[in-house]
Chemist: 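The structure that follows is given in the form of structure tokens.
For the numbers below, each heavy atom of this structure counts, side chains included, while hydrogens, waters and symmetry mates do not.
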Amino acid sequence: RAYQVCGGDGVYVFPGSNAHSYYCGIDGQTILATTDDFKHTINVTPQNNQTGAGFLSPWAVDRTNPDHLIAAAGNVDETTYGMSSNTYDPTYEELLSSTWKTVFTLPKPPNGPWDSSAVYTQGKVSYVAFCSLCRPSLATGSASKPTTVISRIATNVKPHCKAAVASSKCWHMAASKGLSHQQISEIAVDPNDPKTIYVGLRQLIVMGASNKATGNAKVMVSHDGGNNFHDLSGDLPRADVHRLVLRAGRLYAATDVGVFTAPVGSKHWMRFGTGLAEVTFRSMSLSLNGRHLVLGAYGRGVWDYTFKH
């Protein structure tokens, strides 16, 4: 049986507390939830907080706590009340109260309004990727000037500061030195060292741009909480990276030309598994138990890989 519960432009899906409970979202950072497989719909959107949410402005659910959500666009918002985050009037049209809190407000943008392109939260550790501009366009003329794309990392991981969930404490814009002029598509964090993060990068423009202008990196790492980044792309094809997963000492990158993997710290990449189509994979996620890697291929269906260990 197939379900379409979040419209034609459904973007993000995250598990809830059980098999019948989950979150899904549509464009513009509208966050919906259910406890009964969408016989009933719960609106969890951070309506009073979100600033300038775009078509793909991201949000995420903490893998260790289904009541902890983070959302980012022109700022960063968090809640720890899950599907009970918003209270509406009996008609379910008027928002009466919300537990969403703005934990970080951005400085003045360099090249147009800030938007977010990726978020990560687990426990007290949170990272958000921002860009200004996020995506060059022909209409504004920025497609011919890819250097106008400026990416930055905001985080609550800060030396000598004890972060807390859904708190503004420790939040800051990291120096983000070394990042190329591309959009950050994904953030993966080392579970044993919250200062170490890996990011995937993409141009995300139809006509493409010269790597000489945007920068050649597609996967980068920072060991100091997003202040300095180093290239790990190595022999990875120079195609957009849409998703990045870190599991048991290996990175997995979903790209425009297939899925690749490399040991952490290595620059030698190889195609992942056998039988996967060499097409665009824009969706990839690890199951909560870490045993399954689920991948969405552009026009080629959904794929599942089961790890033996």
Chemist: If we ignore hydrogens and angles and just use 3.5 Å, is the side chain of Arg243 paired with the main-chain N or O of Ser185 as donor and acceptor?
Modeler: yes
Chemist: In Å, rounded to the nearest 0.5 Å, how long is the span from CZ of Phe229 to CG of Asp224?
Modeler: 8.0 Å
Chemist: Please check if the side chain of Ser85 supplies one atom and the backbone of Gly82 the other of a donor-acceptor pair under 3.5 Å.
Modeler: yes
Chemist: Keeping Thr45 on the side-chain end and Ile31 on the backbone end, is there a donor-acceptor pair under 3.5 Å?
Modeler: yes
Chemist: I need the Gln122 CD to Ile70 CD1 distance, nearest 0.5 Å.
Modeler: 12.0 Å
Chemist: Just by modelled atom types, is the Leu96 backbone N or O under 3.5 Å from a matching donor or acceptor in the Thr87 side chain?
Modeler: no
Chemist: What about Val44 and Val61, same hydrophobic cluster or not, with Ile/Leu/Val/Met/Phe/Trp/Tyr joined at side-chain heavy-atom distances under 4.5 Å?
Modeler: yes
Chemist: In Å, rounded to the nearest 0.5 Å, how long is the span from NZ of Lys162 to OG of Ser167?
Modeler: 12.0 Å
Chemist: Dump the intermediate steps for side chain to side chain donor-acceptor pair (under 3.5 Å) on Asn75 and Thr105, then the final yes or no.
Modeler: CA-CA 5 Å; Asn75 55 15; Thr105 302; 5.4 Å; no
Chemist: Quick one: does any side-chain atom of Gln182 pair with a main-chain N or O of Ala217 as donor and acceptor, under 3.5 Å?
Modeler: yes
Chemist: Say whether, by atom type as modelled, one donor and one acceptor occur between the side chain of Ser176 and the main chain of Ala174 under 3.5 angstrom.
Modeler: yes
Chemist: Taking the ring centre of each residue, are Tyr252 and Phe272 less than 6.0 Å apart?
Modeler: yes
Chemist: Any side-chain donor-acceptor pair under 3.5 Å between Thr121 and Asp62?
Modeler: no
Chemist: Please check: side-chain N/O of His172 versus main-chain N/O of Cys170, any donor-acceptor pairing under 3.5 Å?
Modeler: yes
Chemist: Starting from Phe260, can I reach Val279 by hopping between I/L/V/M/F/W/Y residues whose side chains sit under 4.5 Å apart?
Modeler: no
Chemist: To the nearest 0.5 Å, what is the distance between NE2 (His20) and CG (Asp36)?
Modeler: 9.5 Å
Chemist: Measure the acute angle between the ring planes of Phe130 and Phe104, then classify it against the limits of 30° and 60° as parallel, tilted or perpendicular.
Modeler: tilted
Chemist: Give the C-alpha distance, both sets of side-chain angles, the deciding distance and a yes or no for side chain to side chain donor-acceptor pair (under 3.5 Å) between Asp256 and His242.
Modeler: CA-CA 8 Å; Asp256 269 347; His242 299 289; 2.7 Å; yes
Chemist: Using atom types as modelled and distance alone, determine if a side-chain donor or acceptor of Tyr23 lies under 3.5 Å from a backbone N or O of Pro66.
Modeler: yes
Chemist: Quick test of your reading of the model: are Asp240 and Lys218 salt-bridged, counting only N-O distances below 4.0 Å?
Modeler: yes
Chemist: Which distance, rounded to the nearest 0.5 Å, do you find between the CG of Leu95 and the CD of Glu93?
Modeler: 12.5 Å
Chemist: Treat each ILVMFWY residue as a node, draw an edge where side-chain heavy atoms are under 4.5 Å apart, and state whether Met284 and Trp269 are in one component.
Modeler: no
Chemist: I'd like to know if the side chain of Thr214 pairs up with that of His181 as donor and acceptor (distance under 3.5 Å, no hydrogens or angles considered).
Modeler: no
Chemist: With a 4.5 Å heavy-atom cut-off, do Met173 and Pro107 have their side chains touching?
Modeler: yes
Chemist: Determine, stepwise, if the pair Val245 / Leu293 fulfils side-chain contact (heavy atoms from CB on, under 4.5 Å).
Modeler: CA-CA 9 Å; Val245 165; Leu293 191 64; 4.1 Å; yes
Chemist: Could you walk me through whether Asn156 and Lys158 satisfy the side-chain contact (heavy atoms from CB on, under 4.5 Å) test, starting with their C-alpha distance in whole Å, then the side-chain angles of each, then the deciding distance to 0.1 Å, before giving a yes or no?
Modeler: CA-CA 6 Å; Asn156 63 356; Lys158 186 178 181 181; over 6 Å; no
Chemist: Between Pro58, Ser57, Ser126, which is the residue that forms a side chain to side chain contact (heavy atoms under 4.5 Å, CB included) with Val119?
Modeler: Pro58
Chemist: Quick check on Phe307: does its CZ atom have over 12 non-hydrogen neighbours (other residues, nucleotides or ligands) under 6.0 Å away?
Modeler: yes
Chemist: Is the closest side-chain heavy-atom distance between Asp67 and Thr80 below 4.5 Å?
Modeler: no
Chemist: Any sub-3.5 Å donor-acceptor pair from Ser132's side-chain atoms to Gly112's backbone N or O?
Modeler: yes
Chemist: Would you confirm whether Asn227, through its side chain, and Ala175, through its main-chain N or O, come within 3.5 Å as a donor-acceptor pair?
Modeler: yes
Chemist: Could you go step by step and tell me if Tyr127 and Val157 meet the side-chain contact (heavy atoms from CB on, under 4.5 Å) rule?
Modeler: CA-CA 8 Å; Tyr127 284 90; Val157 176; 3.6 Å; yes
Chemist: Rounded to the nearest 0.5 Å, what separates atom NE2 in His68 from atom CZ in Arg63?
Modeler: 14.5 Å
Chemist: Above 12 or not: heavy atoms from other molecules or residues under 6.0 Å from CZ of Arg271?
Modeler: yes
Chemist: Please say yes or no: joined through hydrophobic side-chain contacts below 4.5 Å, possibly via intermediate residues, are Tyr198 and Val241 part of one cluster?
Modeler: yes
Chemist: Could you go through the ring-ring contact (aromatic ring centres under 6.0 Å, His included) check for Trp59 and Phe14 one step at a time?
Modeler: CA-CA 10 Å; Trp59 56 277; Phe14 295 95; 5.0 Å; yes
